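Each chain gets a letter, A, B and so on, in the order its sequence line appears, and its residues count up from 1. All values reported here derive from a predicted model rather than from experimental measurement.
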Amino acid sequence: MSEKKVRVRFAPSPTGPLHVGGVRTALYNYLFAKHHGGQFILRLEDTDQTRFVPGAEEYIIESLKWAGISPDEGQGFGGEYGPYKQSERKAMYKPYADQLIADGKAYYAFDTPEELDQMRENAKQMGMPNWQYNSITRSNMKNSLSLSAEEVEERLKKGDPYVIRIKMPRDLDIKFEDTIRGWVSVNTNNLDDKVLFKSDGMPTYHLANIVDDRLMEITHVIRGEEWLPSAPLHVFLYDAFGWEAPKFAHLPLILKPDGPGKLSKRDGDRLGFPVFPLNWTNSDGEIYSGYKESGYFPDAFVNILAFLGWNPGDERELFTLEELSTEFKLERVGKSGAKFDPDKAKWYNQQYLRKRSAKELADLLQTYIGENNLKTSPFELEPVCELMKERATFIKDIYEDGHYFFGEVDKYDEKTLSKKWKENTSALMSEWLEILKNISSFKADSVETEFKDFITKKELGLGGVLPNFRLLLTGVGSGPSLFSIAEILGKDECIKRMELGIEKINELKSQEA
RNA sequence: GGCCCGUUCGUCUAGUGGUUAGGACGCAAGGUUUUCAUCCUUGAAACAGGAGUUCGAUUCUCCUACGGGCUGCCA
């Protein structure tokens, strides 16, 4: 690689919440920077003032922080190359556009948006769906190349609105090497005279992006595939300024799980998985769900995104952010779009849940309960988590599947009741209750031994009796080791639940009869 | 329509001019388990199609098909 220190940027437009594709682009930039000991920069591309969305900037920053991929410098993070928001850099761009005009590489254009619309409309009527402002059509338009010098001068003096367009030459092959895709070549005949500077005094993305990347000493541009078509223009601009272009890498898109097309914001809630890192409420009050609020761990989220387009080349799949940083190479990023797989995403979360200690899970569960105003448990959360973690994908599963640790048992699973609870079961359970009352140690082992002695004496099978005991303690027909549950509940609670349960079930059974 | 990019099991993907084309998710079967989950074992499942280069192509080239992106004074 070059001797220059690696500096990469993530440059979203704050026009709404960041979607997973954007977060993945940020992640790859972050990983690339860390891998090379470089800087990861956040720059906000807000040159379109009409698309300003309140809260979007904060959302982007919060999302990156949550995912653990905070920029080293940039909007909200400080740094020597600021400001990092293009609207605050407004005054910097015009001189560069002027320079291009002075060099004859750009020109003023006075056509109004309405005139351009009309032009495109007319062309479409005539069967040309793709009218472009280019080396052929510009001579028919109102610009400093077609108008006399005097008229141009006069219009400028008068304050006529104008834009500055790049003067794209005819029949020139522009080539550049994309780190992911190899050589890409485009002939300028297929490129148009893009607007570089708008009539509102702001640059377009194309100009701002080049100028800022230059000023911020960006070495590698890693961005989505949707930018590939305009990359030749950017390469041309670097050349026009006489600047060395950064290296480019265009990432494949993330596609929707069903049907064709790229993942869009509505797919998530339609298909039952989030497409945003955090919850987002739009101006109509519509809520889009986020990974965080859906119960995904940030490290799982990062792992999921990393593998959407990248792999280490071997069969490992679980990587921490640090491990990803050391392993990540742009060359191992695939070229083709990846469909998002919600099932695999859940699997990842399950893996990360299981990697966590009971203590960590207990803390997370406590937070979850607090945030959602749920019932607290009279029991120690740590053993509960230890017991439940093998069957949980999300923290909420521990709470929901283990609801009997958080409140009274007031319902009894009907299927188990009808299948396992026989006529003599109540008597049997009462008998067992009496034994239970006399157990001195209420450890899982002791309870298990006593229970097994009991059914051996009764000449009964475990499968016929245990489900009923479970029903009394938990109200459900399945779950983790019942003896461990009994230990957590404790002797008094078990006795209470059994007495109450036998009574309630007797009532239920008599109603049936 | 034009331009650009892409195409290996259902999905994410590994892979090489000669492989039984590997793994993971999901799915199915069996085992373990009081049950559910976990776990273990096994199974089904792919090189888009057609030419060419070659002794030999999934791998290299071209064409076709399909998919995607772009085609704004949006980014």
Where along [range] does a heavy atom fall under 4.0 Å from RNA chain B?
range: residues 163-177 of chain A; value: A/Val163, A/Arg165
range: residues 449-467 of chain A; value: A/Leu462, A/Gly463, A/Leu466
range: residues 48-56 of chain A; value: A/Asp48, A/Arg51

To the nearest Å, give me how far apart [atom1] ([X]) and [atom2] ([N]) are.
X: A/Asp160; N: B/C73; atom1: CG; atom2: P; value: 18 Å
X: A/Leu472; N: B/U35; atom1: CG; atom2: C1'; value: 15 Å
X: A/Asn311; N: B/G22; atom1: CG; atom2: P; value: 17 Å
X: A/Lys339; N: B/G26; atom1: NZ; atom2: P; value: 19 Å
X: A/His250; N: B/C5; atom1: NE2; atom2: C1'; value: 11 Å
X: A/His206; N: B/U71; atom1: NE2; atom2: P; value: 8 Å
X: A/Lys346; N: B/C25; atom1: NZ; atom2: P; value: 15 Å
X: A/Arg138; N: B/C73; atom1: CZ; atom2: P; value: 16 Å

Should [X] be listed as having a side-chain N or O under 4.0 Å from OP1 or OP2 of [N]?
X: A/Asn130; N: B/U71; result: no
X: A/Lys198; N: B/C74; result: yes
X: A/Ser481; N: B/U33; result: no

Discussion item. Using a distance-only criterion (donor-acceptor N/O pair, under 3.5 Å, no hydrogens), is the base of B/C73 paired with the side chain of A/Ser199?
Written reply: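 Counting by modelled atom types and ignoring angles, a donor-acceptor contact under 3.5 Å is found here.
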Discussion item. Base of B/U38, side chain of A/Arg354 - is there a donor-acceptor contact under 3.5 Å?
Written reply: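 By the distance-only test, no, there is no pair.
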Worksheet item: Pick from A/Ile505, A/Leu433, A/Val409: which one makes a side chain to side chain contact (heavy atoms under 4.5 Å, CB included) with A/Leu472?
Response: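 Going through A/Ile505, A/Leu433, A/Val409 one by one, the side chain to side chain contact (heavy atoms under 4.5 Å, CB included) with A/Leu472 is satisfied by A/Ile505 alone.
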Discussion item. As a test of understanding, state which of A/Ile395, A/Asp401, A/Leu365, A/Asp397 forms a side chain to side chain contact (heavy atoms under 4.5 Å, CB included) with A/Met388.
Written reply: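 Running side chain to side chain contact (heavy atoms under 4.5 Å, CB included) over A/Ile395, A/Asp401, A/Leu365, A/Asp397 with A/Met388 returns exactly one hit, A/Asp401.
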Practice prompt. Using side-chain contact (heavy atoms from CB on, under 4.5 Å) as the criterion, list what pairs up with A/Pro12, not counting sequence neighbours.
Written response: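 With sequence neighbours excluded, A/Pro12 shows a side-chain contact (heavy atoms from CB on, under 4.5 Å) to A/Phe10, A/Leu18, A/Leu42, A/Leu44, A/Ile60, given in chain and number order.
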Tell me whether the centres of the aromatic rings in [X] and [Y] are closer together than 6.0 Å.
X: A/Tyr93; Y: A/Phe197; value: no
X: A/Phe297; Y: A/Tyr352; value: no
X: A/Tyr28; Y: A/Trp310; value: no

Among [options], the nucleotide that comes nearest once only the side chain of [X] is considered:
X: A/Arg181; options: B/A24, B/G6, B/C4; result: B/G6
X: A/Ser478; options: B/C70, B/U35, B/C73; result: B/U35
X: A/Glu315; options: B/U13, B/G22, B/A75; result: B/G22
X: A/Asn190; options: B/C4, B/C3, B/C70; result: B/C3
X: A/Arg391; options: B/A75, B/A14, B/C36; result: B/C36
X: A/Val184; options: B/C5, B/U35, B/A24; result: B/C5
X: A/Val186; options: B/U35, B/C3, B/G22; result: B/C3

Item to complete: Might you work through the side chain to side chain donor-acceptor pair (under 3.5 Å) test for A/Asn29 and A/Arg9, ending with a clear yes or no?
Response: CA-CA 7 Å; A/Asn29 272 281; A/Arg9 84 299 197 278; over 6 Å; no
More than 12 non-hydrogen atoms from neighbouring residues, nucleotides or ligands closer than 6.0 Å to [atom1] on [X], yes or no?
X: A/Gln49; atom1: CD; result: yes
X: A/Lys346; atom1: NZ; result: no
X: A/Lys389; atom1: NZ; result: yes

Practice prompt. Select from A/Trp347 and A/Arg120 the residue whose nearest nucleotide in RNA chain B is closer to the 5' end of that strand.
Written response: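 The answer here is A/Trp347.
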Worksheet item: When the nearest nucleotide of RNA chain B is assigned to A/Pro129 and to A/Trp227 on a heavy-atom basis, which residue is associated with the more 5' position?
Response: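 The answer here is A/Pro129.
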Would you classify [X] as touching base, sugar-phosphate or nothing, given that sugar-phosphate means primed atoms plus P, OP1 and OP2, and contacts are heavy atoms under 4.0 Å?
X: A/Asp111; answer: base
X: A/Leu191; answer: nothing
X: A/Gly479; answer: base
X: A/Thr416; answer: nothing
X: A/Ser13; answer: sugar-phosphate
X: A/Arg332; answer: sugar-phosphate

Discussion item. Is the ring pair A/Phe307/A/Phe319 parallel, tilted or perpendicular, if the boundaries are 30 and 60 degrees?
Written reply: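 Aromatic pair A/Phe307/A/Phe319 classed tilted.
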Partner nucleotide of [N] by Watson-Crick or wobble geometry (both distances under 3.5 Å):
N: B/C47; value: none
N: B/C3; value: B/G69
N: B/A14; value: none

Separation of the [atom1] atoms in [N] and [M], to the nearest angstrom:
N: B/C12; M: B/C47; atom1: P; answer: 16 Å
N: B/G31; M: B/U35; atom1: P; answer: 12 Å
N: B/U59; M: B/C9; atom1: P; answer: 14 Å
N: B/A48; M: B/U33; atom1: P; answer: 45 Å
N: B/A51; M: B/A65; atom1: C1'; answer: 14 Å
N: B/G15; M: B/U32; atom1: C1'; answer: 35 Å
N: B/U20; M: B/U7; atom1: C1'; answer: 25 Å
N: B/A28; M: B/C62; atom1: P; answer: 44 Å

What N/O pairs connect the protein and nucleotides 41-46 of chain B at under 3.5 Å? Give each pair on its own line.
none

Practice prompt. Quick one: pull up CG in A/Leu330 and NE2 in A/His220 and give me the separation to the nearest 0.5 Å.
Written response: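 Rounded to the nearest 0.5 Å, the CG-NE2 separation comes out at 8.5 Å.
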Practice prompt. Find the distance between OG1 (A/Thr25) and NE2 (A/His19) and round it off to the nearest 0.5 Å.
Written response: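 Atom-to-atom, A/Thr25:OG1 and A/His19:NE2 are 9.5 Å apart.
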Discussion item. If the condition is ring pair (Phe, Tyr, Trp, His ring centres under 6.0 Å), which residues does A/Tyr348 pass it with, not counting sequence neighbours?
Written reply: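 Residues passing ring pair (Phe, Tyr, Trp, His ring centres under 6.0 Å) with A/Tyr348: none at all.
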